[in-house]
Amino acid sequence: MYAVGFRDPHRFSWDRATGRMYLGHIGEHAIEAIYEVRAGDNFGWSEREGSFVFDKTATNPCDRLFPLPADDERYGYTYPVAAYDHDPAADWNCTADVGVAVAGGFVYRGHAVPALRGKYVFGDLVDGRVLYTEANEMRRGHGLAPIHQLALFDAAGGPVRMRDLSGPGAPGDPNRVDLRFGTDAAGELYLVAKANGTIWKVTGTREFASGDVGDTTLRHTSGAANWAPVTPAKWQFTRDQVILAEAGESRPGPRRPFEYAVLTAGPAWSSVLLDARVRLDTPVEVSNRDVIIVFGWRSDTEFYYAHLSTDNTIYPHNGIFKVNNADRERIDHQWNGRSRGANPAITDADWHRVRVVHLPATGEIAVYVDGHRDPLLTAKDTTFGSGRVGFGSFDNVGRLRNLTVTGTPA
C-alpha cells in the first residue's frame, strides 16, 4: 500500500527530471486537484476534498465543504499543490454533475517545444481546456500553484478549441472531449480525445494574438474634437483624460453598452493594438461596476467591446462581446458557460493598464490588464475586419488616459 485517501485518481505520471509523482484527482462535486504523491501519504477522502473538510454526514448535499480546523496538522493529511473548482451556476442542482473533471498530465521535459519545459501540462477531460502550472511552483505545504490556460492552434496557426477538434466524428455528446495526455520515449507531448479517437502531437508554441499589428501610431487624442459620444452631455474632456461623468441609460435596439464615445481622430483600423489606462469612478461598493473598450466599431449596432468589470459571475460581465445587429453575444474563451468568467478585471478605484489586441486576419482578440503575461481574456471571431476604437460603460462612470493606438489603417 503506497498511498491512501483517494476518491477518483485520474492519471498519474513522474517528472523525468525530479522523479516526483503528480496525480490528477477528481472531486465529488467541487474540487479538481493535482497532488504530489509520496509513499505513506493520506489524501483524506472522505474526510477531506481538496483542502477542505468534507462532511459526508450532512443532510443537505449542497452543504458539505468547510474550512480546515485549527488543529488540522494532527490528522496528517496531504493537500493539493494545484486545484480548481467547478463554479456551478446559482440554480445548479447540487445532486447532479456539473460536467467538470481533471485529467492528470505530464511535466514536459522534451526538447522540441522549449517554451513548455518545466511546465506540468494537464487539463479538464470534459470541456477540453488545456492547462498548466510551473513544476517548480507545485510545492507541498506552500499553497496552490497558479493555473494557466493554454490556447491551442492547428498546424496552420489558426486558433482552435479541443471541442472543435474532438467533435467531428464523435459518437456522443459533442461538448464532452474526454481529454487525455501522453508522452513518447523522447518526452514529447500528445493530446488524446476519446470522443473521436484522435491523437494530436504538440509540435510548437506561439503566443495568442502575437502577430504584427502594423506601425501607424496615434497619440494625444483627449480633446473633445476627437471623440463622438452617444450622449455628449454626459462626457468631459480635459487635456489628458476622457471622462464619462454621468451614467448611461438603456437605448432602443439590441442590447449593447448604454454610453460610449468613438475615437474619430485618425483612421479606422484593421489590425490594432490599443494601450490605455482606465479607472472606474463608480464606488467600489457597487458589485457590477464596469467600463468598456470598444474596437472594430463600424456602427452603433456593429462592434466588439471588452467589458472590464468587478463582477465575473453572470453572462454579460467581464468578457469580450460582439454586437452584430442583435443583442450582444459573448465570444471570449474564459466564460465557463454557467457562472464564471475570467478573474475580475477591476476591483478598486485605482488606474489600471489595459491592452487590447485585435488581429482580424485570424480573428484573434486578447485583452491584458496591468502588464500580466497571460491575457485576461481571449476570443476568436472574424465578423468585423476593421473599425474604430472607443471607451464607455453600460451604466457606470469612469475615465481613460494615456491612450495610444498602434496598427494598420483599414
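Every value quoted in this text rests on a predicted model; they were computed, and no experiment measured them.
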Is [Y] paired with [X] through a side-chain N to carboxylate O contact shorter than 4.0 Å?
X      : Y      : value
Arg255 : Asp327 : no
Asp15  : Arg20  : no
Arg129 : Asp124 : yes
Glu134 : Lys119 : yes

Side-chain donor/acceptor of [X] to backbone N/O of [Y], under 3.5 Å:
X      : Y      : result
Tyr260 : Ser393 : no
Asp332 : Trp335 : yes
His86  : His29  : yes
Gln334 : Gly341 : no
Arg117 : Gly110 : yes
Thr264 : Ala228 : no
Arg7   : Gly27  : yes
Ser386 : Ala410 : no
Arg401 : Val278 : no
Thr78  : Asp41  : no

Determine whether more than 12 heavy atoms belonging to other residues, nucleotides or ligands lie under 6.0 Å from atom [atom1] of [X].
X      : atom1 : value
Arg328 : CZ    : yes
Asp215 : CG    : no
Phe52  : CZ    : no
Arg16  : CZ    : yes

Output, in order, the C-alpha distance, side-chain angles, deciding distance and verdict of side-chain hydrogen bond (donor to acceptor under 3.5 Å, both in side chains) for Asn318 and His307. CA-CA 5 Å; Asn318 216 62; His307 188 276; 5.4 Å; no

Between Ser222 and Gln241, does a side chain to side chain contact (heavy atoms under 4.5 Å, CB included) hold up when you go through it step by step? CA-CA 6 Å; Ser222 297; Gln241 293 186 26; 5.7 Å; no

Could you walk me through whether Glu302 and Asn325 satisfy the side chain to side chain contact (heavy atoms under 4.5 Å, CB included) test, starting with their C-alpha distance in whole Å, then the side-chain angles of each, then the deciding distance to 0.1 Å, before giving a yes or no? CA-CA 6 Å; Glu302 297 175 304; Asn325 296 305; 3.3 Å; yes

What pair of heavy atoms forms the shortest contact from [X] to [Y], and how long is it?
X      : Y      : answer
Phe384 : Lys322 : CE1-CG, 3.9 Å
Asn396 : Leu244 : O-CD2, 3.4 Å
Asn42  : Gly5   : OD1-CA, 3.7 Å
Arg340 : Asn343 : NH2-OD1, 3.1 Å
Thr313 : Asp311 : OG1-OD1, 2.8 Å
Gly169 : Asn196 : C-CB, 4.1 Å

Quick one: sort the [X] and [Y] rings into parallel, tilted or perpendicular, breaks at 30° and 60°.
X      : Y      : answer
Tyr75  : Tyr77  : parallel
Tyr132 : His148 : parallel
Tyr304 : Phe295 : parallel

What do the steps show when you test Glu329 against Asn324 for side-chain hydrogen bond (donor to acceptor under 3.5 Å, both in side chains), and what is the final call? CA-CA 8 Å; Glu329 174 189 356; Asn324 187 19; over 6 Å; no

Are [X] and [Y] in a cation-pi contact, defined as NZ or CZ under 6.0 Å from the six-membered ring centre and within 45° of the axis?
X      : Y      : value
Arg338 : Trp92  : no
Arg353 : Tyr368 : no
Arg11  : Tyr22  : no

Could you please spell out the steps behind the salt bridge (charged side-chain N to carboxylate O under 4.0 Å, His left out) verdict for Asp72 and Arg48? CA-CA 11 Å; Asp72 185 65; Arg48 300 289 185 270; 2.7 Å; yes

Are Glu36 and Arg38 close enough, and set up right, to give a salt bridge (charged side-chain N to carboxylate O under 4.0 Å, His left out), and what steps lead you there? CA-CA 7 Å; Glu36 182 196 335; Arg38 300 178 186 175; 2.8 Å; yes

Take Trp235 and Glu259 through the test side-chain hydrogen bond (donor to acceptor under 3.5 Å, both in side chains) and record every step on the way to the result. CA-CA 10 Å; Trp235 293 79; Glu259 187 64 39; 2.8 Å; yes

Ring centre gap for [X] and [Y] strictly below 6.0 Å:
X      : Y      : result
Phe394 : Phe258 : yes
Tyr190 : Trp200 : no
Tyr120 : Phe122 : yes
Phe43  : Tyr35  : yes

What verdict does the side chain to side chain contact (heavy atoms under 4.5 Å, CB included) test give for Leu65 and Glu49, after you've listed the backbone C-alpha separation in whole Å, the side-chain angles of each residue and the deciding distance to 0.1 Å? CA-CA 8 Å; Leu65 292 186; Glu49 180 176 345; 3.8 Å; yes

Straight-line distance of Met138 CE to Thr133 OG1, nearest 0.5 Å: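 Between atom CE of Met138 and atom OG1 of Thr133 there are 3.5 Å.
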
Measure the OG1-CZ distance between Thr383 and Arg298 for me, rounded to the nearest 0.5 Å.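 Atom-to-atom, Thr383:OG1 and Arg298:CZ are 10.0 Å apart.
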
Evaluation steps, side chain to side chain contact (heavy atoms under 4.5 Å, CB included), between Trp269 and Leu218: CA-CA 11 Å; Trp269 306 90; Leu218 183 65; 4.1 Å; yes

Report the C-alpha separation of Asp300 and Arg251 in whole Å, then their side-chain angles, then the decisive distance to 0.1 Å, and conclude whether the salt bridge (charged side-chain N to carboxylate O under 4.0 Å, His left out) test is met. CA-CA 11 Å; Asp300 186 39; Arg251 297 176 288 132; 2.7 Å; yes

Could you please spell out the steps behind the side-chain hydrogen bond (donor to acceptor under 3.5 Å, both in side chains) verdict for Trp297 and Tyr305? CA-CA 9 Å; Trp297 186 93; Tyr305 66 93; over 6 Å; no

Mind jotting down which residue pairs meet the side-chain hydrogen bond (donor to acceptor under 3.5 Å, both in side chains) criterion with at least one end in residues 165-176? Sequence neighbours excluded, please.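 Listed once each, the pairs are Arg176-Asp178.
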
For His317 and Asn312, test the side chains for any donor-to-acceptor distance below 3.5 angstrom and give the result as yes or no.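 Side-chain D/A pair, His317 to Asn312: absent.
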
Side chains of Asp290 and Ser309: any donor to acceptor distance under 3.5 Å?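 Short answer, no.
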
Worked check of salt bridge (charged side-chain N to carboxylate O under 4.0 Å, His left out) between Arg206 and Glu364: CA-CA 13 Å; Arg206 76 170 178 87; Glu364 292 168 80; 3.0 Å; yes

